[in-house]
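Each remark here refers to the structure printed beneath this line.
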Amino acid sequence: MESLIAKIQQEAASANYVERKKLLDTLRDLQYSIETPEDAMQRVIHMPSTVHHLAAKHSADPLLLGKYRNSSSVHSAQCAPEILTRKTGRVLRYLASLGVLKEAGRDTFTSTRYTSNLARPEIQAGLYVYFDMCNPTYQEMPRYLAETGYQNPTSFTDGIFQRAHKTDLHTFAFVHGDPVRSAHFNHFMKAQRGSQPKCFDLYPFDEESKGWPSDKPLFVDVGGGAGYQTVSFLERFPNLPGRVVLQDLPEPIEDAKSVVPENVERMAHNFFEPQPVIGKKQRKRCCYHDWSRTDWKTGAKYYYLRMILHDHTDENSIKILSNLVPALGEDSLILLDEMVLPSQRVDEASTQHDLTMMTFHSSMERSEEQWAKLVGAVGLKIKKVVPYAPGYNLGVVVCGL
Ligand SMILES: C[S@@+](CC[C@H](N)C(=O)[O-])C[C@H]1O[C@@H](n2cnc3c(N)ncnc32)[C@H](O)[C@@H]1O
């Protein structure tokens, strides 16, 4: 057994990220293949809430995970007497049984890799979002689907989320209407796909924007949240010419103050309204003496939308895209940084994201065929699709006129 474990650890240490994911999937399947029915049931019935609950809701965050955050190596923590009451002692024991902590000896717990992974602030924010907002939607889902005849939900204001949270607000109005929820959600976006490759590693932004005038908008992060992607873009390409603009609803734009550098233009903008960043207007010369009367919009080079349209039904996505199309110039591109699902054998994480989209927003993750149909509906063409994290089905769907 020891040599088997050592061999697997060795494999993991030398694996690239695709191989590592394959290894994780294989180990999971191996675990399932040796479970009894009761083992499977016990794991499943506790899956959605316990770790989230402990890590996100009660004192577990500051007292437990926070305490072990920096203790990935030899640090061993004698638990403070106040959290070694019978009740919290039972919680620690439970977390240790899940591998979240390691029980090194009587009343002594040390961290594991799992501890420090969960203790990262942006991951804590994600656990909070799932515990606070997602899990109730999963509990509501069976009832909602039964009542609506197992149709795909499509309502923005009367979907599973609204029934679960007893609100008629659309999801983002609900989220940003509460400062604590809004802050957690915005921070959670940093964790989303945080350790996977980024499109900025692969997409040829530098090549494509050679010669772009420095007074024109280069990169507009539409619905960019608190700006974590804008920051990644600038870290990867600090010297590209042109303006960089971050747009979102007022609350994330406020949060972005402490995230993005000062040279980023922060702009509150509702993407259901016309895109205001259209660059300079120029007059187009048709022939030697004749200047056309028509103003020629130059548009920004990139309108970048990461994980935006997956939050929306086709109907609303068409509205969002329609508000971008008039801003486009000949050289403009809309970059949809999204999942591009394969037509079969979709992996666990992607199907989980898809179901979260269903319960949160009545929306979905899409395949390339679905993307083509969607952008085609507003007269756009897919120019290319650039996959950048194949194991996770992430890609940039590049669209233009
Ligand atoms: C899934 S998050 C993605 C955030 C960011 N693009 C990222 O990848 O980190 C969706 C974002 O859309 C924003 N959003 C929702 N409705 C919006 C609207 N009507 N106008 C502008 N932004 C909106 C939310 O505030 C949120 O920041």
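The shown structure was predicted, so the numbers you read here are calculated from the model rather than taken from an experiment. Counting starts at 1 for both ligands and their atoms, following the listed order.
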Counting each atom of ligand 1 from 1 as listed, which ones have a heavy atom of [X] under 4.0 Å away?
X    : result
N270 : 18 (C), 19 (N), 20 (N)
P252 : 25 (O)
G225 : 27 (O)
H269 : 20 (N), 21 (C)
G224 : 5 (C), 6 (N)
D311 : 1 (C), 10 (C)

Which one holds for [X] and ligand 1: side chain close, backbone close, both close, or neither close, with close meaning a heavy atom under 4.0 Å?
X    : result
F272 : side chain
L305 : neither
K190 : neither
N186 : neither

Review point. Is there a donor in the side chain of H310 and an acceptor in the side chain of E365, or the other way round, less than 3.5 Å apart?
Key: yes
Check your understanding: Are side-chain N/O atoms of D314 and S317 paired as donor and acceptor at under 3.5 Å?
Key ->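 Absent: no donor and acceptor within the cut-off.
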Exercise for review: Check if Q247 has a non-hydrogen atom at a distance under 4.0 Å from any atom of ligand 1.
Suggested key: no
Review point. Can a non-hydrogen atom of H170 be found less than 4.0 Å from any atom of ligand 1?
Key: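 H170: no contact with ligand 1 (<4.0 Å).
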Check the orientation of [X] and [Y]. Use parallel for under 30°, tilted for 30 to 60°, and perpendicular for over 60°.
X    : Y    : result
F156 : H312 : tilted
H176 : F185 : perpendicular
F200 : Y304 : tilted
F233 : F219 : parallel

Among all protein heavy atoms in this structure, tell me which lies nearest to [atom], with the distance rounded to 0.1 Å.
atom                    : value
atom 11 (C) of ligand 1 : G223 O, 3.6 Å
atom 15 (C) of ligand 1 : F172 CD1, 3.3 Å
atom 2 (S) of ligand 1  : M189 SD, 3.6 Å
atom 22 (N) of ligand 1 : F271 CE2, 3.2 Å

**Study point:** Sub-6.0 Å ring centroid separation between F174 and H170
**Key:** no
Exercise for review: Please list, chain by chain and in numerical order, all residues satisfying salt bridge (charged side-chain N to carboxylate O under 4.0 Å, His left out) with E265, sequence neighbours excluded.
Suggested key: R243
Check your understanding: Is K216 positioned over the aromatic face of W212, cation under 6.0 angstrom from the ring centre and no more than 45 degrees off axis?
Key -> yes
Check your understanding: Which of these, N323, I308, N316, I320, has its nearest heavy atom closest to atom 12 (O) of ligand 1?
Key -> I308
Check: [X] N/O within less than 3.5 Å of ligand 1 N/O:
X    : answer
H176 : yes
R306 : yes
D248 : yes

Is [Y] close to [X] at the side-chain level, that is, under 4.5 Å between some pair of heavy atoms?
X    : Y    : result
L336 : I308 : no
T148 : P153 : no
K373 : E369 : no

